[in-house]
Amino acid sequence: MDFVGEKIANRLGGKNFDPSKKSYKFMKIKSAKAELKLKYPDAKIIDLGVGEPDIQADSKVVDVLCNEAGKIENRWYADNGIQEFKDAAAKYLKRVYGICNVDPNNEIMHGIGSKPILAMIPLCFINSGDVILTTVPGYPVIANHTRYLGGEVYNLPLYKENNYYPDFSNIPDDILKRAKLLYINYPNNPTGQVATREFYEEVIDFAKRNDIFVISDASYSALTFDDYKPLSFLSVDGAKEVGAEVYSLSKAFNMTGWRLAFIVGNKRFIDLYADVKSTIDSGQFIAIQKAGICALNNVDITHNNCERYSRRHDLLVCALREVGFDVTKPKATFYCYAPIPKGTKCGKIFTNAEDASSYILENAFISTVPWDDAGAFLRFSVTFEAKDYEEEKKIVDEVKERLLKLELVF
Ligand SMILES: Cc1ncc(COP(=O)(O)O)c(C=O)c1O
């Protein structure tokens, strides 16, 4: 008898649950890379796949953690967080996004990364049969947890023809009636698209007309380039009435492994989230929250990242275009998003993005992320490891050379 299998929840496939069929896409990609490494131990894989900053947290931030980690008063469960972190978050929102109407005592709550924050939100709202609206392709956490609770997920595809914005005009009435949440994410992973003030106004209007709460995932919102300045959903009139916004220190401050984020919204919603959160975790280590304060007070860390990523995008976009990809430099995020090639000169035809991505990984040792939700696209991330411009150029030249050798057809 399969002692465990007999008891596995239906939402995970019941006794058919198969750990080799990873439910989290990025775990699958990590496994594919690991397998290739085993097969070809000497191969140098160029990782344009997983979206994590290639450099570590700023030394000022690390120093604060080292100092604070040893202080006896920081040893406690942090529960729903320290007030100093909330105060620093409010100041950060004012400094970077010009948001002045946030009450740090009642309208901000930290989280152990934005991933668990997003995972807890369905617990606040979703009963069986309720609906969430979510843009696809995108970060799947809110959708997965909605399904776990018996909720229904209605996808809003981000098509190139619609500039990677959702079209709210085609949603069936029955879905709109049952919808409780709308998840949006701009600057967007994976398309790299940014929001405009007009788009956010449209979202607020849609939310009010249909009585839907909006979750804006602002994980990449400070990583902007060229003439685009960070724009927050919450900075638009009426947003706080109808929604909340999630900010992460992971990407803007090179702190993915540290697990620190915060959510901002009206008091009623924050009370709800805080209640759920208090039953799930006991807060991030206070020393990490204090290091997070240091990061939030040093936005030059993000500015340096923006400069680095912008420079790398310039190189990569140029190289990918020479290979034949139809790609433009994004205004934010570290992602370049391009339609897949049709196939190769030697007759290989790509059936979808997953097929194209696997082919490129196996034949050029370049890791990308495939997206097949709204057309077939590849995501190239400029977070590859390189310590200066010379190394960046060398890697991008190598990417170009390897891709050219594949003789891709577009
Ligand atoms: C759109 C988006 N939201 C949220 C996250 C989670 O970020 P974290 O949990 O590190 O704050 C990611 C991570 O890749 C992401 O791409």
Side-chain angles (χ1 to χ4, degrees), residues 24-30 47-54 56-57 61 81 85 89 92 108-122 132 134-146 155-156 158 164 166 181-195 214-224 230 232-233 244-264 273 277 280-281 283-284 288-289 291-292 295-296 302 305 309 330 332-337 367-371 373 377 379-383:
Y24 193 55
K25 172 175 184 159
F26 293 95
M27 295 309 290
K28 268 197 218 166
I29 292 168
K30 281 188 181 176
D47 194 345
L48 304 181
V50 172
E52 294 202 42
D54 57 311
Q56 65 184 121
V61 177
F85 181 75
Y92 171 80
I108 296 183
M109 183 63 51
H110 89 291
I112 304 179
S114 52
K115 188 176 184 181
I117 295 179
L118 294 169
M120 287 178 213
I121 289 170
I132 69 142
T134 184
T135 56
V136 289
Y139 197 62
V141 171
I142 253 192
N144 289 344
H145 283 266
T146 295
N155 290 335
L156 300 170
L158 301 179
Y164 305 118
L181 287 175
L182 163 67
Y183 169 83
I184 53 170
N185 162 231
Y186 289 94
N188 184 255
N189 171 13
T191 68
Q193 180 56 293
V194 293
V214 180
I215 298 297
S216 166
D217 177 349
S219 293
Y220 297 87
S221 59
L223 291 177
T224 67
S232 140
F233 173 68
E245 193 151 52
V246 186
Y247 290 84
S248 171
L249 277 74
S250 290
K251 323 280 173 161
F253 296 102
N254 313 322
M255 293 171 71
T256 45
W258 295 54
R259 313 312 301 133
L260 194 56
F262 59 93
I263 184 157
V264 197
Y273 163 72
K277 179 183 177 308
I280 291 179
D281 68 53
Q284 183 50 281
I288 290 184
Q289 292 189 53
L296 293 171
T302 307
N305 284 335
Y309 295 137
T333 77
F334 32 64
Y335 303 123
C336 242
Y337 189 65
S367 160
T368 58
V369 175
W371 296 93
D373 310 70
F377 286 77
R379 190 191 79 181
F380 300 86
S381 176
V382 293
T383 51

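Fair warning: this is a prediction, and the values are worked out from it, not measured in the lab. Counting starts at 1 for both ligands and their atoms, in listed order. Sequence positions, counted from 1, serve as the residue numbers for this chain.
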### Query
Against heavy atoms of Ser248, which atoms of ligand 1 measure under 4.0 Å?
8 (P), 11 (O)
### Query
Taking the six-membered ring of Tyr335, is the NZ or CZ of Arg379 close enough (under 6.0 Å from the centre) and on axis enough (within 45°)?
yes
### Query
Does one side chain, of Tyr139 or Asp217, offer a donor that lies under 3.5 Å from an acceptor on the other?
no
### Message
Any donor-acceptor pair under 3.5 Å linking the side-chain atoms of Asn305 with those of Asn254?
### Response
yes
### Message
Please list, in number order, the atoms of ligand 1 under 4.0 Å from a heavy atom of Arg259.
### Response
8 (P), 9 (O), 10 (O)
### Task
Answer side chain, backbone, both or neither: which part of Ser114 comes under 4.0 Å from ligand 1, heavy atoms only.
both
### Best match, Met255, Lys115, Lys251, Glu52: closest heavy atom to atom 13 (C) of ligand 1
Lys251
### Query
What are the atoms of ligand 1, with element, lying closer than 4.0 Å to any heavy atom of Gly113?
9 (O), 11 (O)
### Query
Given Leu296, which of Leu249, Leu260, Thr302 fulfils the side-chain contact (heavy atoms from CB on, under 4.5 Å) condition?
Leu249
#### Entry: Geometric class of the Phe262/Tyr247 ring pair [parallel <30°, tilted 30-60°, perpendicular >60°]
parallel
### Message
Show me which atoms of ligand 1 lie under 4.0 Å from any heavy atom of Tyr220.
### Response
1 (C), 2 (C), 14 (O), 15 (C), 16 (O)
### Message
Taking 4.0 angstrom as the limit and counting only heavy atoms of Ser219, give me the atoms of ligand 1 inside it, by number and element.
### Response
2 (C), 3 (N), 4 (C), 5 (C)
### Query
Would Thr256 and Glu52 count as having a side-chain donor-acceptor pair, cut-off 3.5 Å?
yes
### Task
State whether a side-chain donor-acceptor pair under 3.5 Å links Ser248 with Tyr220.
no
### Query
So is Thr256 polar-close to ligand 1, meaning N/O to N/O under 3.5 Å?
no
### Task
With heavy atoms of Ser250 as the reference, note each atom of ligand 1 found under 4.0 Å away.
8 (P), 10 (O), 11 (O)
### Task
Provide the number and element of each atom of ligand 1 under 4.0 Å from a heavy atom of Asn185.
1 (C)
